[in-house]
Amino acid sequence: MQSTATGSSASASLDHSLPKWVFLQLLESCNLRCKMCYEWGENGPYNEKKILKQLDIKVVKDIISTCSSVQPYYELYGGEPLLYPHIGEVLKAIHDAGSKVHMPTNGTLLEKHAELLVTYPPERIWVSLDGPIEINDEQRGKGVFQKAVKGIEKLLRLREEAGSKYPQIGISTVVTPRNFRHLERFFFEALDISKLDCISIELQAYITEQNHKDYEGVLRREFGVNSAPVSRGFVCDPAMFADIDAGLIARQIQTIAEYCEVEGKYLNTYPKVMSEDNIRKYFSADWFSMTKVKKRCPFPWVSTEINAQGDVTSCHAYYDLTLGNVNEASIAEIWRGEKYTQYRNYLRKQLLPICQGCCLFYNEKPMMA
């Protein structure tokens with residue numbers, strides 16, 4: 001991920017004519033049902049959808065063309081983005097426009113698409129794996145670990161044959177009650193960490209039931225939106241994290257960080273400061289007592305997200321507040337429009353009740369840094 005500026009005082013200087021950071025949710029479909037996923041997991045709202053949407057490729061190309069003058073940084077999401085039937089056209093269009101792109105994936109389709117991903121390489125591919133094979137597959141599904149590793153190995157081989165350093169390959173790990181004891185074993189025994197370019201370790205994103213109710217109230221009063229079914233997928237009772245050992249997590253991450261520093265590998269963490277105290281406060285929903293958290297959010301002046309239905313939002317993965325639809329108007333019109341202005345004016349003064357469920361709340365520099 002990339003941010004062009006940070007801090008609340010930067011808002012005025014960030015008011016660009018077009019977004020510098022564009023998230024594209026290409027489709028809602030996914031071939032896995034990871035237990036902690038806020039879309040398709042145990043509480044995920046996508047399980048209730050009768051029809052799954054995907055962005056029209058013509059609309060995607062129009063967004064890329066419209067924004068090409070500022071060469072924004074792109075993130076491709078799903079569901080699983082490699083399921084998108086036009087993924088090659090998207091990568092080529094971004095490449096031809098001179099922009100950079102990062103993409104998370106569950107890794108199961110990497111082997112199938114390896115040639116494409118070396119021909120039009122994303123700058124980084126983040127493969128989501130959460131532990132040694134038995135731990136990962138308990139969360140993500142039987143056989144997922146081996147499929148992902150085979151895909152990574154093929155990508156690395158083809159990249160070397162092409163004489164390229166792209167795509168960079170990273171592992172993105174979500175720390176949950178199921179895997180927190182196994183981080184060191186995962187990175188130093190289950191994987192060949194020497195072959196990785198980067199690592200991201202993120203504490204499981206969540207909000208409380210009260211956060212969700214408060215958010216629904218803000219949407220109703222300020223924006224005329226009567227419900228927030230998508231954000232409900234993030235709701236967890238903090239009691240589910242009661243057995244997590246914050247000290248053990250902090251010590252493991254410190255060992256990984258020391259390795260990355262010595263070997264020159266990029267390490268991203270959410271939250272940025274992975275101290276025992278911060279981790280304990282995070283999992284007990286004491287977010288605002290943590291260090292390095294935001295009091296204001298600059299990202300509505302920098303980034304935008306278009307979900308698979310074409311709805312334009314500003315908060316990544318929180319799709320309940322729509323600021324326009326790219327099937328009805330251009331991204332430029334929406335970006336400069338009345339609804340976006342109203343939204344920015346609200347966030348000049350305060351955060352939303354669900355902001356602590358966003359990884360950018362904890363990190364001034366997002367993942368591309």
Side-chain angles (χ1 to χ4, degrees), residues 1-11 14 19-21 23 36-39 73 75 77 102 104 126 172-176 200-219 222 228 230-236 238 241 244 246 249-250 253 267-275 277-305 313-321 343-344 346-369:
M1 297 183 181
Q2 179 183 21
S3 169
T4 55
T6 57
S8 59
S9 62
S11 295
L14 296 176
K20 295 294 183 69
W21 184 7
F23 295 78
M36 68 295 182
C37 177
Y38 51 79
E39 294 176 346
Y73 160 73
E75 293 258 8
Y77 282 86
H102 287 196
W126 290 101
S172 178
T173 296
V174 178
V175 180
T176 72
S200 182
I201 300 175
E202 309 162 29
L203 305 186
Q204 181 176 343
Y206 75 102
I207 58 175
T208 66
E209 182 67 39
Q210 188 60 52
N211 294 147
H212 183 258
K213 289 179 180 178
D214 292 344
Y215 180 53
E216 285 187 316
V218 169
L219 293 187
E222 301 290 336
V230 178
S231 63
R232 176 160 288 283
F234 285 85
V235 172
C236 290
F241 304 115
I244 280 186
I249 295 172
I253 293 177
L267 174 65
N268 173 78
T269 62
Y270 291 133
K272 182 68 173 179
V273 179
M274 281 286 196
S275 65
D277 186 56
N278 256 11
I279 294 169
R280 183 177 295 108
K281 287 176 177 177
Y282 181 95
F283 282 125
S284 60
D286 188 13
W287 297 292
F288 291 92
S289 295
M290 295 168 60
T291 57
K292 299 287 187 181
V293 296
K294 285 186 173 60
K295 295 181 179 178
R296 295 288 185 271
C297 182
F299 291 97
W301 287 265
V302 178
S303 68
T304 194
E305 178 145 357
T313 65
S314 183
C315 291
H316 174 48
Y318 286 101
Y319 299 147
D320 295 305
L321 177 59
Y343 180 74
R344 291 185 183 113
Y346 179 88
L347 285 177
R348 285 182 191 274
K349 302 175 183 178
Q350 63 267 299
L351 294 170
L352 293 165
I354 45 79
C355 285
Q356 58 270 30
C358 170
C359 60
L360 300 180
F361 178 74
Y362 305 96
N363 204 341
E364 293 295 344
K365 286 187 177 181
M367 273 204 276
M368 189 182 171

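In this structure, CD1 in I279 is found 5.5 Å from CE in M274, a value given to the nearest 0.5 Å.
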Does the pair C297 and L351 meet the rule for a side chain to side chain contact (heavy atoms under 4.5 Å, CB included), with working shown? CA-CA 7 Å; C297 182; L351 294 170; 4.0 Å; yes
Run V175 and F241 through side chain to side chain contact (heavy atoms under 4.5 Å, CB included) and show every step you take. CA-CA 11 Å; V175 180; F241 304 115; over 6 Å; no
Can V218 and L352 be said to form a side chain to side chain contact (heavy atoms under 4.5 Å, CB included), step by step? CA-CA 8 Å; V218 169; L352 293 165; 3.9 Å; yes
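The shortest distance between side-chain heavy atoms of Y343 and L321 falls below 4.5 Å.
Residues E75 and H102 have side chains that never bring a donor and an acceptor to within less than 3.5 angstrom of each other. Between the side chains of E202 and T269, not a single donor N or O lies within less than 3.5 Å of an accepting N or O. Inspection of the Y319 and E305 side chains reveals an N or O donor paired with an N or O acceptor under 3.5 Å.
Aromatic ring pairs are classed by plane angle as parallel below 30°, tilted from 30° to 60° and perpendicular above 60°; the pair W21 and Y73 is tilted. Below 30°, between 30° and 60°, or above 60°: for Y77 and H316 the angle between ring planes is between 30° and 60°, a tilted geometry.
Note: F361 and F288 meet the aromatic proximity criterion, with ring centroids under 6.0 Å apart. You'll find the ring centres of Y282 and Y362 inside the 6.0 Å limit.
A salt bridge is absent between E216 and R232; no separation between the charged side-chain nitrogens and carboxylate oxygens falls under 4.0 Å.
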